[in-house]
Amino acid sequence: MPMPDGFSIHRVAVAGRSSMCVVLLVDDLARSNVQHSVPLIYENGRLTPLVGTIIVPWLVAGAASLANDLSRHCTLLGWGGQTLHLTPTAAEEGALSRADGPVSVMRTLRQIEGALYAVGMNRQVYQGDHSGSWVSIDDGVSTTNFSEPSGFEAIDGLSASDIVCVGVSGECYRRQKDVWIQLETGTNVHLHSVCALPGGRFLAGGRKGVLVLIDENGAELIETPFEEPIWDLFRHRDLVFGRSGDTVFTIAKHREIVSYVDVTPYGEVRTIGSSDHGLFVFTDRELFEYHNGELSPLDYSVHPRVQAAELVELADQIGLTD
């Protein structure tokens, strides 16, 4: 079932097959470059606005869940460091901050072993918890030199004591027990995604379909049939689930692409996701479950408050369109 007319899917946080946070954009506002996001909770086949918050005045860069029940804990991160933390009773707004200078442009948000991690330009890294509080953990790796391009596009890890970040010009840094070290990637293209693997290895994807297997001993470039950037990588059981442009794929044994499907007939892929319950693909208009190279649409109904024309009017009333 497609989204209501006038909306497009932007980001999704997956807790399970029947529990997600779906962030929409109002097409008319997006075409006018109005910064906004419309977060909805998908629970048991119904899309519902947040209590007291139907539209926020910033663009979501990342979304992540800390629990299988999204009504307990889910967080949205804005490009400018804004945060929206969902709890059982409220949607609490906040913001990242740091003592040594401004927050840079944020790129993504990821849940790792019960904590949230936000990364962005200038190699900034923040850790968040269930209370919605944040602390910077990038001592020794962040830079205040805004004239030279540097920064992180993605983060992952198997535990809070061992995480890895990748980003601009192929840079990669690993944090073990609070110490950052730089790892060789064998490429200078921008890396947009990373997935932690057992045994202290990491799989990173980037521009031109580059896929690289990284460990402390070096890096190995993996051949792929893709020419577009690899934007997302998630580990699911013994597989890695990824996206290159409008193609989604699975990788076995960290190097063998075992299935992939062109999603173009279904729409423009915006993001993918995984949980213990399965793999998911999100186009600009629909939600799908992915299994063995096949896409199955998820059925849902939408709360009557979610009307594009009414949200355009609301955005004008609260000054978003000024």
Side-chain angles (χ1 to χ4, degrees), residues 14 107-108 110 112 119 123 149-158 162-175 181-275 278-283 288-295:
V14 178
R107 301 298 291 171
T108 196
R110 195 114 175 198
I112 302 172
V119 298
R123 304 194 201 105
S150 64
F152 293 143
E153 296 272 348
I155 183 171
D156 198 21
L158 292 180
D162 189 3
I163 60 176
V164 68
C165 300
V166 299
V168 174
S169 300
E171 61 183 6
C172 173
Y173 286 83
R174 185 177 186 179
R175 183 178 187 259
I181 60 170
Q182 187 170 11
L183 299 181
E184 178 60 47
T185 63
T187 182
N188 60 3
V189 305
H190 290 0
L191 296 174
H192 301 297
S193 55
V194 66
C195 177
L197 305 171
R201 294 181 295 173
F202 304 90
L203 195 65
R207 288 186 179 178
K208 302 178 181 178
V210 163
L211 190 66
V212 57
L213 187 62
I214 306 165
D215 63 24
E216 60 185 11
N217 297 315
E220 175 188 356
L221 291 173
I222 307 299
E223 185 176 352
T224 79
F226 310 123
E227 296 182 357
E228 294 191 61
I230 296 177
W231 291 106
D232 301 295
L233 290 170
F234 294 94
R235 190 166 67 95
H236 179 71
R237 299 172 185 166
D238 295 329
L239 296 174
V240 173
F241 185 44
R243 171 175 76 97
S244 173
D246 289 325
T247 298
V248 296
F249 58 90
T250 53
I251 302 172
K253 300 179 181 178
H254 319 321
R255 63 182 69 241
E256 179 185 356
I257 296 177
V258 294
S259 72
Y260 61 93
V261 59
D262 182 4
V263 188
T264 304
Y266 302 91
E268 178 186 335
V269 179
R270 291 299 171 85
T271 188
I272 60 175
S274 70
S275 75
L279 304 175
F280 304 90
V281 177
F282 309 103
T283 68
F288 295 92
E289 189 169 13
Y290 178 87
H291 183 68
N292 290 337
E294 300 289 335
L295 294 177

Inset, instruction - Just jot down the salt bridge (Lys or Arg N to Asp or Glu O under 4.0 Å) partners of D162, sequence neighbours excluded, or say none. - result: R174
Inset, instruction - With sequence neighbours excluded, tell me which residues meet ring pair (Phe, Tyr, Trp, His ring centres under 6.0 Å) with F282. - result: none
Legend entry - Close side-chain approach of L233 and F249, heavy atoms under 4.5 Å: yes
Legend entry - Minimum side-chain heavy-atom gap V212-V166 below 4.5 Å: no
Inset, instruction - Under the side chain to side chain contact (heavy atoms under 4.5 Å, CB included) rule, collect the residues that match up with T264, sequence neighbours excluded. - result: D246, D262
Legend entry - Closest non-hydrogen atom pair between S259 and G293, with its separation: OG-N, 4.4 Å
Inset, instruction - Check ring pair (Phe, Tyr, Trp, His ring centres under 6.0 Å) between F280 and all other residues, then give those that pass, not counting sequence neighbours. - result: none
Legend entry - With sequence neighbours excluded, residues passing side-chain hydrogen bond (donor to acceptor under 3.5 Å, both in side chains) with Y260: none
Legend entry - Any pair counted as side chain to side chain donor-acceptor pair (under 3.5 Å), so long as it reaches residues 230-239, sequence neighbours left out: D232-R243
Inset, instruction - Kindly write out the residues that satisfy salt bridge (Lys or Arg N to Asp or Glu O under 4.0 Å) with E268, not counting sequence neighbours, or none if the list is empty. - result: R270
Legend entry - Which atom of V240 lies closest to which atom of C195, heavy atoms considered: CG2-SG, 4.2 Å
Inset, instruction - For E171 and G151, indicate whether the former's side chain and the latter's backbone hold a donor-acceptor pair under 3.5 Å. - result: yes
Legend entry - Exam field: side chain H190 to backbone G167, donor-acceptor pair closer than 3.5 Å: no
Legend entry - Within-4.5 Å side-chain heavy-atom neighbours: I230 and V210: no
Legend entry - Distance-minimising heavy-atom pair for R201 and L213: NH1-CD2, 4.0 Å
Just list the side-chain donor-acceptor pairs under 3.5 Å for residues 217-227, sequence neighbours left out, or say none.
residue, atom, partner, partner atom, Å
E220, OE1, R255, NH1, 3.2
E220, OE1, R255, NH2, 3.4
E220, OE2, R255, NH1, 2.7
T224, OG1, G209, O, 2.9
T224, OG1, F226, N, 3.2

Legend entry - Any residue meeting side-chain hydrogen bond (donor to acceptor under 3.5 Å, both in side chains) with T187, in chain and number order, not counting sequence neighbours: none
Inset, instruction - Answer yes or no: is there a side-chain heavy-atom contact under 4.5 Å between L211 and L203? - result: yes
Inset, instruction - List the atom of S274, the atom of F234, and the distance in Å for their closest heavy-atom pair. - result: OG-CB, 3.5 Å
Legend entry - Those residues that, when tested against E289, pass side-chain hydrogen bond (donor to acceptor under 3.5 Å, both in side chains) (two or more places apart): R17
Inset, instruction - Rounded to the nearest 0.5 Å, what's the gap from CG on L197 to CG on L158? Could you check? - result: 7.5 Å
Legend entry - E294: partners by side-chain hydrogen bond (donor to acceptor under 3.5 Å, both in side chains), with sequence neighbours left out: none
Inset, instruction - Decide yes or no for F241 and V281: does some side-chain heavy atom of the first lie under 4.5 Å from some side-chain heavy atom of the second? - result: yes
Inset, instruction - Might you point out which heavy atoms bring G245 and E228 nearest each other, and give the distance in Å? - result: CA-OE1, 3.6 Å
Legend entry - Close side-chain approach of C165 to R123, heavy-atom, < 4.5 Å: no
Legend entry - Set of side chain to side chain contact (heavy atoms under 4.5 Å, CB included) partners for V261, sequence neighbours left out: V248, V263, Y290
Inset, instruction - Just do the side chain to side chain contact (heavy atoms under 4.5 Å, CB included) check on C172 and Q182 with the steps written out, would you? - result: CA-CA 6 Å; C172 173; Q182 187 170 11; 6.0 Å; no
Legend entry - Heavy-atom pair with the smallest gap, counting every atom of H192 and P229: CD2-CB, 3.9 Å
Legend entry - Side chain to side chain, F288 and T283, heavy atoms closer than 4.5 Å: yes
